[in-house]
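Right, I'll just put the structure down here and ask away after.
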Amino acid sequence: MFEFFSLGTKAYYRRAEIMLREARFAQLEHEAAAEHHQALARMYAERVARLEGRHSEVKQSEKTPLPPTPMVESQRSERAPFRVLTQTPNGTQGAV
């Protein structure tokens, strides 16, 4: 319990240096973590602002619906007809 009386001042000096080095290292780690968390907070604040902007745009567009436009024959998209594929005995597919 009273070992510190028998130790010399050099031992205390070395221990103090070690503790100081550990404290500086912990300070550096925490500063790096704080910078990281600050960047994350800034990123999420920008995301919130962006999402709120989109949300308000959607709400605004719901309040003022667009008038329905009649569908003209030329506006219809021309699609290729559907093809029904059947399995053939040799493993290839043929169109019906």
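When reading the values below, keep in mind they use all heavy atoms of this one structure, side chains included, and skip hydrogens, waters and symmetry mates.
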Neighbour count >12 (heavy atoms, 6.0 Å) for atom CE, Met19
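12 or below, so no.
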Answer yes or no: does atom CZ of Arg50 have more than 12 heavy-atom neighbours from other residues, nucleotides or ligands under 6.0 Å?
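Counting other residues, nucleotides and ligands, CZ of Arg50 exceeds 12 neighbours.
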Measure the spacing between CG of Leu40 and CZ of Arg47 and express it to the nearest 0.5 Å.
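Leu40 CG to Arg47 CZ: 12.0 Å, rounded to 0.5 Å.
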Glu52 CD to Lys59 NZ distance, which is reported to the nearest 0.5 Å:
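Interatomic distance, Glu52 CD to Lys59 NZ, rounded to 0.5 Å: 10.5 Å.
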Is there side-chain contact between Arg24 and Leu28, with at least one heavy-atom pair below 4.5 Å?
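No, side chains not in contact.
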Approximate separation, where rounding is to 0.5 Å, of His30 NE2 and Phe25 CZ
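Separation between the atoms: 10.0 Å.
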Can you confirm whether Glu17 sits close enough to Tyr13 that some side-chain heavy atom of one is under 4.5 Å from a side-chain heavy atom of the other?
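Yes, their side chains come closer than 4.5 Å.
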